[in-house]
Amino acid sequence: MIFADNINILNKFAEAKLLSSHAIDLAEFLCKLEKNLLEEQMPVLALTVALLFEQVSSGSICLTKNEIKTFTKSNKDALSGIDFPDWNKISETLAGSYCCTKNPTSEAKPIVLSDEKIYFYKYWLYENSLAAKVKELSGEEGSFANKREEINTVFDKLFDKKSSEQRKAAETVLKNRISVITGGPGTGKTTTVAKIIAGILKICPKSSIILSAPTGKAAARMTEALQSATKNIRKLNVIEEQIFEKMASLEGLTIHKILDKSFGKPKKNKKNPISADLIIIDEASMIDIVLFSEVTDALSDKTSLILLGDKDQLASVDAGNVFSDICSAAEEGLFERQIEAKLTKSYRFKEDSGIGRLAKAVNEQKNADEVVSICNEEKDLCFSEISIVQEIAETAAENYRFLSDINLSQKEILERLNDFKILCPSKEDSFGVEKINLEIERILKKNPTEAFYNGRPIMITKNDYTNNLMNGDCGVILKRNGKTRACFIQGNNVRSFDISELPVFETVYAMTIHKSQGSEYKSVLVVMPERNMPMLTKELLYTAITRAKEKVCIAGKRDVLEYTLSQSASRNSGFKEALVSSSADTKFQD
C-alpha cells in the first residue's frame, strides 16, 4: 500500500473497516495511472474508486449520488474529523481525471461518469449493451408467432378457467421473443411452462427446447418439477404419448453448460450461437449481469427466451439485479410490448395460510411485533428467542436421527432428506451453518473421530459433470453390508459413489439461505445470527420462509429480526435509464 499510505483518508477508512484491502489496492493502482489531477485532488479519486469497488462487491452496478449521502450519514462517527468530499466535488474531480470518461461510447476509460452515476467501464458496458439487447428482443415476435392460432387452440384445452393467469402467461410467451413469468412459490410457474412446452411440441414437434438454470441444483430441480407437472398434463388426454416422450427427454442444464463456459469466456457467443428454438431459464433472479449478458449475446436469430423467477427473492451473488430490473421496467411500460406475466395465486399455500401471511408480512416489511404475532397465531409457524446454539442443535438433531436408521432403505432415507432443513443467513457466525453443523454432529456422531460416519448428510460444493453431481446436490453417506457409500437420488433412482469419487463436499444439517434457493422442504428452521449483519434483509428472510411447504420456525433475537425486516437488498443500477436511452443499433467500444 505504498500510495495508500500517503493518503490519510484511506488509512482512516481502512482502520474503521469501511474499506477492504482490495478496494485500497485498486484505488492505489488507478491513482498511479492518473496524469491530469492535482496532488490535492488525488485523495478524492482514490476514495471514489475504493467506494465504487465496495459497491460492486456488494452487488451494485454503480455508485450514486444518494449512496454517497447514505455512506456519510451511516458512518458519521467513523468520519469524524475527515473532510469527506460531497457529490459536486467528486464529479468535478472525475470530470478532469485521465482515468474517467463521460463519453464511454467513444472512448474506453477505467471509470465512467454518466447521469450522476459512477461505474467501472466493464459494468457500464455490460449494463448498456444488455439493455440495448433486451430492448431489441422485447420488440420482436416470438419464434412460434406464425403458429400462434394453432398453439392457442391447444392452450385452450390445457388451461382451465381457474388458471387464467397461467393462460395469459402462455399467450405472452407466444407473442414475444423474450418473456418473463414471475411469481412467488407455488404459483405454478413450472406447471405453466410444462403446458407451454406441450402445446408448442404438439403443433411444432421438431422444435428444439433447452431447459436451464444458474446452478446445477436448480437445473436438477427444474427437471424434476417439469416431469411432475407432465404427469398431470397426461390426465387431460390432449397431448400424444410421443410428445410426452420428448418432454421426458428434456433435462435441465446449468447456464454455464449451455454457454460451454468452463473457464473464462463462453464458447457460445454472437459468432457461435446456441442452437435452439426456445430457451427457458428458471431461478432467473439468481443470474448476475455478466452471465445475463453472455446468455443474450449467445442467442441465435431464431431463439426465443423465457425467464422464470420470483422477483422478491434474493438477487444474484455477483453484481446486478437484472431480473428484478426487467420486471420493474415492464411494469413501468418501458418496453414496446408487454413481456411480463405475473402469477399471484399460490397453489402451495393460500395467502391467508400461516406461511402465506408470514411471507407477505416480511415482503411488506412489517415490524417485528407484527411478524412475531403472526407466528404465535398460526399453528404452522413459531418464533422463539434463542440464547445458546446447543439448544438449537439438540432440538434439531431429533429431526435427523432417521439418517442412521439401518432399517430404512437408501431411497427412504434420501426421500426424507427434504422433510426438514435448518437455514442460516451466515456460515461463520456463532449461530451460523458451521457452528450448528458441528453441534448436531457432536450429538449424533457415535464415534467422534470417524469422518465418513453412517447417516452423515452432505452437500456437493463443486460441479462434477462426469458423475452428474452438481453444486448444491444433497445426499447421505450410508454404511450397508460393510461398505461406505455416498448416496444421491438422480431422477427416480438412487446412485451411490465411493467417497473417493466425490468432488468437494461438506456436512449439511444446516445450509445457508443462499444455497437453499431453488429448493423446497416440508419444514424449515430459520436461525438468525446473534447480531445485526449487512447481509440481513427482508429478501433473505422471505427466501428462507418460502422454502417451506408446511411449517416455518424462526429462532432469533427480536431486535435482530427487527433489523432484518427494516433492510432491503436494493442495488444501484442504471438499467432502466439505459433501456430508455438505448437503441438496437447502439455501438459500444469493446
SB check E165 K345 (cutoff 4.0 Å) | no
Would you call K549 and E520 a salt bridge, taking side-chain N to carboxylate O under 4.0 Å as the test?
-> yes
Evaluate the side-chain proximity of E441 to R456: yes if any heavy-atom separation is below 4.5 Å, no if none is.
-> yes
Quick one: do R558 and D369 make a salt bridge, cutoff under 4.0 Å?
-> yes
Distance-only polar pair, side chains of N447 and T449, donor-acceptor under 3.5 Å | yes
Close side-chain approach of R485 to D498, heavy-atom, < 4.5 Å = yes
Is the backbone of N321 close enough, under 3.5 Å, to the side chain of S324 for a donor and an acceptor to pair up by distance?
-> no
Donor-acceptor pair between Q227 and T223 side chains, under 3.5 angstrom = no
Under 3.5 Å donor-acceptor, N454 side chain and S404 backbone | yes
Which residues satisfy the disulfide bond (SG atoms under 2.5 Å apart) test with C553, sequence neighbours excluded?
-> C382
So do Y509 and T507 actually touch side chain to side chain, heavy atoms under 4.5 Å?
-> yes
Given side chains that start at C-beta, do those of P457 and L403 come closer than 4.5 Å, heavy atoms only?
-> yes
Using a distance-only test with no angle check, is there a side-chain donor-acceptor pair under 3.5 angstrom linking K538 and N363?
-> yes
Flag the pair I280 / L308 as yes when at least one side-chain heavy-atom distance between them is below 4.5 Å, and no otherwise.
-> yes
Presence of salt bridge, E562 and K366, under 4.0 angstrom = no
Between I458 and A486, what is the shortest heavy-atom contact and its length?
-> CD1-CB, 4.1 Å
Strictly by modelled atom types, are D310 and Y542 linked by a side-chain donor-acceptor pair under 3.5 Å?
-> yes
E378 bridged to R357 by N-O distance under 4.0 Å = yes
Looking only at atom types and distance, does a side-chain atom of R401 sit under 3.5 Å from a main-chain N or O of A397, one as donor and one as acceptor?
-> no
Using a distance-only test with no angle check, is there a side-chain donor-acceptor pair under 3.5 angstrom linking K257 and N463?
-> no
Would a 4.5 Å heavy-atom cut-off, applied to side chains only, mark C424 and I513 as touching?
-> no
Would you please say whether a donor-acceptor pair under 3.5 Å links the side chains of E283 and T215?
-> no
Can a donor-acceptor pair be found between the side chains of D325 and S573 at a distance below 3.5 Å?
-> yes
Are any of the side-chain heavy atoms of V295 and I255 separated by less than 4.5 Å?
-> yes
Does the side chain of L444 reach to within under 4.5 Å of the side chain of Y400, using non-hydrogen atoms?
-> yes
Can a cation-pi geometry be assigned to R495 and F488, taking NZ or CZ under 6.0 Å from the six-membered ring centre and within 45° of the ring axis?
-> no
Answer with yes or no whether the side chains of K576 and S328 bring together a donor and an acceptor at under 3.5 Å.
-> yes
Any side-chain donor near an acceptor of the partner, E539 and S568, under 3.5 Å = yes
